[in-house]
Amino acid sequence: MSPNELSLVARHVMKLLAERRFEELEEATNGQRLSADDMEGAIDDLGAALVMPPENTWRDLEVAAVRNWPGAYNVRMALWTKNGRTKHTVDLTVRSEGGKPVIEVDDIIVS
């Protein structure tokens, strides 16, 4: 996947999280790793509503190729609230299958 494609997937996931569309995100990930309830619980633990990050954030995603899984990438994104960037993150695994992105929400880390 190209950096632009990874950025589009990341934006889509963040939009669904910020809009609290957890069931839709669970469906988009085929229920892999985290359920809608798991995602909702993690986001609720933040104690503040998520917002979409500033535009420049999408150029600075943390992306790493997955070892021993050609074409798969780990993507880490910081979560943002109206007060700015938080120390909390969402971790994804993204790959392409049949020309379409396959997304797994690996973890929402709220510390």
Side-chain angles (χ1 to χ4, degrees):
M1 297 187 83
S2 73
N4 187 51
E5 290 170 317
L6 289 170
S7 177
L8 289 173
V9 168
R11 285 176 195 251
H12 181 66
V13 168
M14 189 63 73
K15 181 176 175 58
L16 293 176
L17 288 173
E19 293 177 359
R20 301 185 61 82
R21 293 163 49 192
F22 304 115
E23 283 91 22
E24 191 174 336
L25 183 52
E26 180 180 13
E27 186 177 314
T29 63
N30 293 318
Q32 296 290 321
R33 312 256 182 193
L34 295 181
S35 69
D37 289 340
D38 293 335
M39 290 182 266
E40 183 174 17
I43 297 304
D44 287 347
D45 286 347
L46 285 172
L50 290 181
V51 298
M52 287 297 286
E55 191 61 31
N56 65 337
T57 302
W58 307 111
R59 291 187 300 267
D60 299 326
L61 293 175
E62 291 181 45
V63 177
V66 177
R67 175 182 266 166
N68 298 324
W69 195 0
Y73 299 90
N74 287 120
V75 179
R76 175 172 282 179
M77 302 179 291
L79 298 174
W80 290 69
T81 67
K82 67 179 183 177
N83 296 322
R85 181 182 176 143
T86 71
K87 62 183 177 181
H88 314 297
T89 60
V90 60
D91 292 342
L92 311 174
T93 298
V94 182
R95 61 187 169 84
S96 183
E97 189 173 286
K100 295 184 179 183
V102 177
I103 308 162
E104 295 177 13
V105 178
D106 298 322
D107 205 359
I108 298 173
I109 302 168
V110 178
S111 49

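Computed over heavy atoms, backbone and side chain alike; hydrogens, waters and symmetry mates excluded.
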* Side chains of Tyr73 and Glu5 in contact at under 4.5 Å (non-hydrogen atoms) -> no
* Answer whether the closest heavy-atom distance between the side chains of Pro101 and Met1 falls below 4.5 Å. => yes
Would you please name every residue forming a side chain to side chain donor-acceptor pair (under 3.5 Å) with [X], sequence neighbours left out?
X	answer
Glu19	Lys15, Arg21
Asp37	none
Asp106	Arg33, Thr93

* Asked: Is a donor on one side and an acceptor on the other found under 3.5 Å between the side chain of Gln32 and the backbone of Thr29?
  -> no
* **Residues clustered with Trp69, ILVMFWY side-chain links under 4.5 angstrom** =>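 Answer for Trp69: Val66.
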* Mind checking side chain to side chain contact (heavy atoms under 4.5 Å, CB included) for Pro3 and listing every partner two or more places apart, or none if nothing turns up? => none
* Quick one: side chain to side chain contact (heavy atoms under 4.5 Å, CB included) partners of Val102, sequence neighbours excluded? -> Arg95, Glu97
* What pair of heavy atoms forms the shortest contact from Val90 to Val105, and how long is it? ->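 Looking at all heavy atoms of both residues, the shortest contact is CG2-CG1, 4.0 Å.
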* To do: List the atom of Val110, the atom of Ala42, and the distance in Å for their closest heavy-atom pair.
  =>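 What the structure gives for the nearest pair is CG2-O, 3.4 Å.
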Between atom [atom1] of [X] and atom [atom2] of [Y], what is the distance when rounded to the nearest 0.5 Å?
X	Y	atom1	atom2	result
Met14	Leu79	CE	CG	5.0 Å
Phe22	Leu17	CZ	CG	6.0 Å
Leu61	Asn74	CG	CG	12.5 Å
Leu25	Ile103	CG	CD1	7.5 Å

* Would you mind listing every side-chain hydrogen bond (donor to acceptor under 3.5 Å, both in side chains) that reaches into residues 81-91, with sequence neighbours excluded? => Arg76-Asp91
Check residues 43-57 and write down every donor-acceptor pair under 3.5 Å in which the side-chain atom is one partner and the other belongs to a residue at least two apart or another chain.
residue : atom : partner : partner atom : Å
Asp44   : OD1  : Arg20   : NH1          : 3.1
Asp44   : OD1  : Arg20   : NH2          : 2.8
Glu55   : OE1  : Arg11   : NH1          : 3.3
Glu55   : OE2  : Arg11   : NH1          : 3.1
Glu55   : OE2  : Arg11   : NH2          : 2.5
Thr57   : OG1  : Pro54   : O            : 3.0

* Cluster question for you: counting only ILVMFWY and a side-chain heavy-atom cut-off of under 4.5 Å, with indirect links fine, are Trp80 and Met39 together? ->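 No, Trp80 and Met39 fall in different hydrophobic clusters.
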* To do: Go through the side-chain N and O atoms of Asp38 and Ser35 and say whether any donor and acceptor fall under 3.5 Å apart.
  => yes
